[in-house]
Amino acid sequence: MKLTGQFFKNKNNKTSNSFDEIVENSETNRELSGNVKRNEDALKEIFSSSIDFTINEIIMAEKKGLVVYLNSMVNTEHVYEELKETVSQLSSEDISFSHIQKSYFTDQKSFFVKTYHECVWNILNGAIILFLDDYKEALAIEVNGFETRSIAEPSTQTVIRGPKDGFVESIQTNMSLIRRRIKNPRLVFEQFIVGSESRTAVVIASVKGIMNEETLKEIKTRIEQSDVSAILDSGNIEELISDNIYTPFPLIFNTERPDSTAANLMEGKAAILVDGSPFVLLAPCVFSDFFQTAEDYYQPFFMASFLRIIRYISFMIALIMPSLYVAITTYHVGLLPTPLLISIQAQREGVPFPAVIEILIMEFAFEVLREAGVRMPRVVGQTVSIVGALVIGQAAVEAGIVSNVLVIIVAFTAISSFVTPIYNFSVSTRILRFVLILGASVMGLYAILLMLVIMVAHLSSLKSFGIPYLTPIAPLSPDNQDDVFIRFPIGANKKRPTYLKPKMENKMVKQGGNKK
């Protein structure tokens with residue numbers, strides 16, 4: 001496919017202000033003609049021979065008219081039939097767009113368009129355009145009718161206790177899910193159009209009076225300067241506006257959960273919604289954000305704190321356990337208690353490969369099974385991944401290719417990697433795990449220690465929209481430690497994170513709430 005190769009275009013072509021790429025053969029700012037035939041010919045030239053482009057002729061009191069729309073974007077079952085029946089009964093005195101708008105389309109959003117630019121843009125956004133002879137303007141009626149997925153539970157960020165609704169591909173629905181949780185007039189949605197060919201709507205949500213203006217301005221600037229031909233998912237925007245793309249660690253948080261998005265907005269972050277994507281981006285973010293879940297704030301604080309510590313420990317296990325096995329069994333066998341050493345060596349008797357090859361085979365096999373389980377149809381995917389892991393592991397042990405203890409280590413490592421709440425953060429752990437294994441095979445524990453130091457130094461150098469990635473750990477901020485490794489009681493958490501530089505630091509929690 002050449003689609004991904006076509007994403008990035010010459011940087012001299014701007015996407016935020018020009019519409020010439022879509023209507024190449026017309027003067028985009030030229031006013032509509034008073035002759036419907038000329039308007040018809042111009043629109044046919046713009047939309048070429050697209051099968052979903054529809055033009056229907058109608059007669060209104062002996063005046064010729066046109067109804068133009070894309071049938072793939074419009075539900076014409078009611079509006080078009082009502083329009084057709086209504087205009088056929090109009091008298092010559094009633095023939096005016098203002099009369100038609102006020103009398104028949106009060107329930108739908110309708111407005112006047114005067115240029116081909118406005119006309120084409122509204123057609124692409126799911127409007128019906130009504131033309132009338134001798135009128136140099138047209139009536140646009142918004143009747144979006146394309147199918148959207150119904151709201152369902154998020155598939156990647158599930159919770160036991162908490163809201164079960166998740167974002168969908170409709171940006172309007174996603175905005176309503178956020179608005180339901182933050183009934184505040186200071187919640188603002190600002191729209192940008194990105195992609196010279198796809199013309200994708202990108203919306204930035206923020207709470208005025210809380211979000212830092214400089215950070216918000218930087219996010220807007222990066223989105224406006226995004227020079228691409230198409231945006232198909234929020235992942236495209238994430239890569240375009242990240243501070244550093246040459247790192248395995250994600251610098252922008254993504255979520256399917258409206259409640260998590262609302263909570264972050266109230267903390268002083270911005271949410272980036274992309275039309276057609278169920279994943280919302282939250283920026284700026286820090287390292288500790290990837291160990292927090294929405295459910296942490298719906299459970300008792302001591303339970304949430306315990307589970308959060310488990311996540312940090314699981315991250316370290318998933319990162320270094322296989323490399324520790326290679327280092328100790330290859331270079332530092334003296335660190336093992338004698339009974340354990342004898343047991344491991346007895347199990348490895350007859351295994352033809354050194355420890356590093358042995359563990360790389362099993363890790364690679366498990367990664368293949370994991371990817372197969374994701375890509376295969378859901379009916380068989382989970383079964384194949386589970387049964388495949390059991391069968392291959394047992395068969396490899398019986399064949400003498402790997403040892404029993406290695407299967408335990410690989411399985412426990414894999415389970416630990418699943419504890420991480422955010423998928424793309426767990427991917428970075430999986431990548432670094434292989435690097436540590438190869439390093440441990442060369443220099444043992446010294447290589448592991450050296451690589452961990454390099455990793456921490458790399459994390460310390462990263463920033464997310466000007467905020468150090470390891471904040472509030474490094475640089476250390478004692479005032480922001482109430483929601484990092486453990487969660488303090490909600491009543492004790494009265495200030496927003498100072499590293500976000502919010503305009504309003506205090507959350508101003510009122511006891512007892514407000515009466516209606």
Side-chain angles (χ1 to χ4, degrees), residues 149-169 173-174 176-183 234 250 253-267 269 271 273 277-282 285-319 369-370 373-374 378-379 381-383 385-386 389 411-430 482-493 497 507 509 513:
R149 181 168 60 94
S150 59
I151 297 173
E153 184 176 0
S155 58
T156 60
Q157 299 171 10
T158 57
V159 296
I160 297 174
R161 180 178 181 178
K164 303 293 183 181
D165 55 342
F167 289 123
V168 295
E169 287 73 15
T173 304
N174 293 343
S176 71
L177 290 172
I178 298 173
R179 182 70 75 177
R180 289 178 192 176
R181 288 170 168 81
I182 305 179
K183 298 180 176 66
S234 59
F253 192 89
N254 69 81
T255 181
E256 283 186 284
R257 301 193 59 84
D259 56 334
S260 179
T261 302
N264 280 276
L265 285 169
M266 297 307 297
E267 290 289 324
K269 298 183 181 180
L273 295 77
S277 174
F279 286 89
V280 169
L281 306 178
L282 297 170
C285 75
V286 294
F287 183 78
S288 59
D289 289 341
F290 295 94
F291 295 91
Q292 301 172 7
T293 66
E295 195 173 8
D296 288 349
Y297 306 93
Y298 309 141
Q299 300 284 5
F301 72 93
F302 55 85
M303 183 184 299
S305 300
F306 172 74
L307 294 176
R308 191 172 293 180
I309 292 171
I310 291 294
R311 293 187 201 112
Y312 280 102
I313 295 173
S314 298
F315 166 72
M316 293 306 299
I317 290 173
L319 184 65
L369 287 170
R370 176 165 17 200
V374 172
R378 290 189 177 184
V379 179
Q382 188 174 0
T383 304
S385 59
I386 295 174
F412 190 60
T413 300
I415 293 171
S416 298
S417 67
F418 287 125
V419 176
T420 304
I422 308 301
Y423 176 77
N424 59 341
F425 187 82
S426 67
V427 172
S428 63
T429 308
R430 289 154 57 185
D482 53 359
D483 199 24
V484 180
F485 297 105
I486 61 174
R487 179 178 80 77
F488 283 21
I490 292 177
N493 188 6
K507 294 184 178 179
V509 178

Cys285 to Pro250 - nearest heavy-atom pair and separation: SG-O, 4.4 Å
Verdict with reasoning, Arg180 to Asp165, per salt bridge (Lys or Arg N to Asp or Glu O under 4.0 Å): CA-CA 12 Å; Arg180 289 178 192 176; Asp165 55 342; 5.4 Å; no
Euclidean distance, Ile310 CD1 relative to Ser305 OG, rounded to 0.5 Å: 12.0 Å
Under 3.5 Å side-chain donor-acceptor pair for Glu153 and Thr158: no
Asn254: which of Leu281, Val280, Thr156 passes side-chain contact (heavy atoms from CB on, under 4.5 Å): Leu281
Spatial distance of atom OG (Ser417) from atom CZ (Phe412) [nearest 0.5 Å]: 11.0 Å
CZ/Phe306: more than 12 non-hydrogen atoms of other groups inside 6.0 Å: no
Thr261 backbone acceptor or donor facing Asn264 side chain under 3.5 Å: no
Nearest non-hydrogen partners of Arg487 and Ile490, listed with the distance: NH1-CG1, 3.3 Å
Between CG on residue Leu177 and CD1 on residue Ile151, distance to nearest 0.5 Å: 4.5 Å
Validation row: Asn424, Ser428 side chains within 4.5 angstrom (heavy atoms): no
Which atom of Glu256 lies closest to which atom of Ser155, heavy atoms considered: OE1-N, 3.4 Å
Closest non-hydrogen atom pair between Pro154 and Gly166, with its separation: CG-CA, 3.7 Å
Phe301 side, atom CZ; Ile486 side, atom CD1 - distance, nearest 0.5 Å: 8.5 Å
Any side-chain heavy-atom pair of Leu282 and Glu267 under 4.5 Å: no
Pairwise side-chain contact, Phe418 with Arg370, heavy-atom cut-off 4.5 Å (strictly under): yes
Flag side-chain contact, heavy atom, 4.5 Å: Pro258 against Phe167: yes
Heavy-atom side-chain contact between Val159 and Thr293 under 4.5 Å: no
Ile415 side, atom CD1; Ile317 side, atom CD1 - distance, nearest 0.5 Å: 10.5 Å
Glu295 (side chain) donor-acceptor with Gly162 (main chain) under 3.5 angstrom: no
Nearest atoms (heavy-atom pairs only) where Ser426 meets Tyr423: OG-O, 2.6 Å
Ring centers of Phe253, Phe425 separated by less than 6.0 Å: no
Salt bridge (charged side-chain N to carboxylate O under 4.0 Å, His left out) partners of residues 298-318, not counting sequence neighbours, each pair once: Asp296-Arg308, Asp296-Arg311, Arg308-Asp483
Heavy-atom side-chain contact between Tyr312 and Ser288 under 4.5 Å: yes
Partner set under salt bridge (Lys or Arg N to Asp or Glu O under 4.0 Å) for Arg257, not counting sequence neighbours: Asp259
Phe291 side, atom CZ; Ile309 side, atom CD1 - distance, nearest 0.5 Å: 12.5 Å
